[in-house]
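I have placed the structure first, in the form of structure tokens, so that the comments after it can refer back to it.
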Amino acid sequence: MVIALAMVVSTPSAHSIPPTSAKARKNRRKIVRKGVTAKIPSQTADGDQEMDIPEASTSNITDQLEVDHGEDDEDILIDAEPMETTAAPVFPAVGDTGVTRLKSETRRIPIPPHRMTPIKKDWVNIFGPLTEILGLQVRMNVQRRCVEIRTSKETKDVGALQKGADFVKAYALGFDVNDAIALLRLDDLYLDSFEIKDVKTLHGDHLSRAIGRIAGQDGKTKFTIENASRTRIVLADTKIHIMGSFQNIKIARDAIVSLILGSPPGKVYAGLRTVSSRMRQRAL
């Protein structure tokens, strides 16, 4: 048994040589692959690896960059050459092209029930100025109880629609047609409305007496205020409507407010005389 074991140990194993040869082949393959791309990395003292890039490759890259910059500089110089001057562009006139018109606008002015009968009688005098002076289209909508006006091709003034609406509104508030037409012909006329309770809270007989002081006997006080301030006044129950210029409306409103607060008519007349004299001096 001892002799047999000695013989087994002394004889070299048949599988010991191939592993060395296989390891050498692997090392050769690694060396060949690394040699093609770059040098074999060398370990530093700290254990970090550094990769050496061949100087030939860096020099080739810098040469290519210099060539590219040279070509770009040539292109820039070529583009920087002065361009030939051309004549100013000529555009066609605005009138030659088809100008689109603005969309027609519409207004609806409600008419109170107590003014439906008067507006039917004066309808000819109402739609005549609107169509002839302003060039608007007008119709009466009986079901809705309102007057509808809209712009047309004949409308030239931009504010024609607003003037027409103010004209119809003035008639609906109670002004005469001849007085309301002044809104169409003049530009500095306005409408102002307020109530007696806005000035002072009155009830019962006190409210009735205030309305009586404003109107006067047979409308004398109201006519005096209109003539002195050059305005037109409509007294509709507790509502008061004034038509005139801005300054004249202020004069008439101050006189009416004084009457509502309880001032006697004689004192209001004296104030109106002073104001009317100042207005005459300014006119001269």
Side-chain angles (χ1 to χ4, degrees), residues 98-199 201-204 207-208 210-212 214-215 219 222-223 225-226 231-246 248-249 252-253 256 260:
V99 179
T100 58
R101 292 183 176 274
L102 296 176
K103 187 178 179 180
S104 62
E105 299 179 0
T106 306
R107 292 282 182 91
R108 290 176 180 170
I109 300 93
I111 305 298
H114 69 278
R115 295 297 289 174
M116 288 295 293
T117 303
I119 200 172
K120 290 178 182 178
K121 294 179 180 180
D122 296 332
W123 180 246
V124 177
N125 298 326
I126 291 173
F127 83 84
L130 292 175
T131 55
E132 295 174 2
I133 299 175
L134 301 179
L136 299 172
Q137 294 179 351
V138 189
R139 73 175 181 180
M140 179 66 190
N141 194 333
V142 181
Q143 294 180 351
R144 294 186 176 182
R145 292 184 178 180
C146 64
V147 176
E148 298 178 355
I149 58 176
R150 70 176 182 181
T151 57
S152 63
K153 296 180 181 179
E154 303 298 330
T155 306
K156 298 179 181 179
D157 189 6
V158 179
L161 190 66
Q162 184 62 40
K163 287 183 179 180
D166 292 340
F167 169 69
V168 179
K169 184 180 178 182
Y171 185 82
L173 292 176
F175 291 97
D176 190 26
V177 178
N178 298 325
D179 295 335
I181 288 177
L183 292 170
L184 304 180
R185 303 183 183 277
L186 302 176
D187 294 333
D188 59 343
L189 294 182
Y190 306 96
L191 292 173
D192 186 17
S193 300
F194 64 95
E195 295 186 20
I196 294 177
K197 67 180 182 180
D198 296 336
V199 180
T201 305
L202 298 174
H203 301 285
L207 181 61
S208 301
I211 296 172
I214 296 171
K222 184 173 78 73
F223 292 145
I225 295 173
E226 288 180 349
T231 57
R232 289 294 178 267
I233 300 172
V234 171
L235 185 59
D237 196 13
T238 60
K239 294 182 180 179
I240 301 165
H241 311 290
I242 307 173
M243 180 176 62
S245 63
F246 181 79
N248 295 340
I249 287 174
R253 189 173 60 241
I256 294 171
I260 294 171

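Numbers for residues simply follow the sequence, beginning at 1. Only this structure's heavy atoms are used, side chains among them; waters, hydrogens and symmetry mates stay out.
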Q) Going through the checks in order, is the side-chain contact (heavy atoms from CB on, under 4.5 Å) test met by Asp188 and Phe246? A) CA-CA 8 Å; Asp188 59 343; Phe246 181 79; over 6 Å; no

Q: Show your working on side-chain contact (heavy atoms from CB on, under 4.5 Å) between Asn178 and Asn125 and close with a plain yes or no.
A: CA-CA 9 Å; Asn178 298 325; Asn125 298 326; over 6 Å; no

Q: List the atom of Trp123, the atom of Val138, and the distance in Å for their closest heavy-atom pair.
A: CH2-CG1, 3.8 Å

(Q) Which heavy atom of Ser152 sits nearest to which heavy atom of Gln137, and what is that distance? (A) CB-NE2, 3.6 Å

Q. Is a side-chain N or O of Thr238 found less than 3.5 angstrom from the main chain of Ile196, in a donor-acceptor match?
A. no

Q.
Using 0.5 Å steps for rounding, measure from the SG atom of Cys146 to the CZ atom of Arg139.
A. 8.5 Å

Q: For residues Arg115 and Phe175, report the shortest heavy-atom separation together with the two atoms involved.
A: NH2-O, 3.8 Å

Q) How far does CG of Leu191 sit from NE2 of His241, to the nearest 0.5 angstrom? A) 9.5 Å

Q: Please tell me if the side chains of Asn248 and Ile242 come closer than 4.5 Å, counting only heavy atoms from C-beta onward.
A: no

Q | Over 12 non-hydrogen atoms of neighbours within 6.0 angstrom of CD in Glu195 | A | yes

Q: Report the C-alpha distance between Ile214 and Ile260 in whole Å, list the side-chain angles of each, state the deciding distance to 0.1 Å, and finish with yes or no for side-chain contact (heavy atoms from CB on, under 4.5 Å).
A: CA-CA 7 Å; Ile214 296 171; Ile260 294 171; 3.6 Å; yes

Q | Contact check, side chains of Ile126 and Val147, non-hydrogen atoms, under 4.5 Å | A | no

Q: Evaluate whether atom NZ of Lys169 has more than 12 neighbouring non-hydrogen atoms of other residues, nucleotides or ligands under 6.0 angstrom away.
A: no

Q) Do the side chains of Ile256 and Phe194 get nearer than 4.5 Å, heavy atoms only? A) yes

Q) Ala160 and Thr155: which non-hydrogen atoms are nearest, and at how many Å? A) CB-CG2, 3.9 Å

Q: Hey, could you give me the CD/CD1 distance between Gln162 and Ile149, rounded to the nearest 0.5 Å?
A: 8.5 Å

**Q.** From CG (Asp176) to CD1 (Ile181), nearest 0.5 Å
**A.** 8.5 Å

Q.
Could you walk me through whether Asp187 and Lys163 satisfy the side-chain contact (heavy atoms from CB on, under 4.5 Å) test, starting with their C-alpha distance in whole Å, then the side-chain angles of each, then the deciding distance to 0.1 Å, before giving a yes or no?
A. CA-CA 9 Å; Asp187 294 333; Lys163 287 183 179 180; 2.9 Å; yes

(Q) If you count heavy atoms of other groups shown closer than 6.0 angstrom to CZ of Arg150, is the number above 12? (A) no

**Q.** Smallest separation among heavy atoms of Pro129 and Leu184, with atom names
**A.** CB-CD1, 3.7 Å

(Q) Can you give me the closest heavy-atom contact between Ile240 and Ile233, atom names plus distance? (A) CG2-CG2, 4.1 Å

Q) So do Lys239 and Ser193 actually touch side chain to side chain, heavy atoms under 4.5 Å? A) no

Q | Pairwise distance CD(Glu154) to CG(Leu136) - rounded to 0.5 angstrom | A | 11.0 Å

Q) Which value, rounded to the nearest 0.5 Å, describes the distance between Asp179 atom CG and Met243 atom CE? A) 5.0 Å

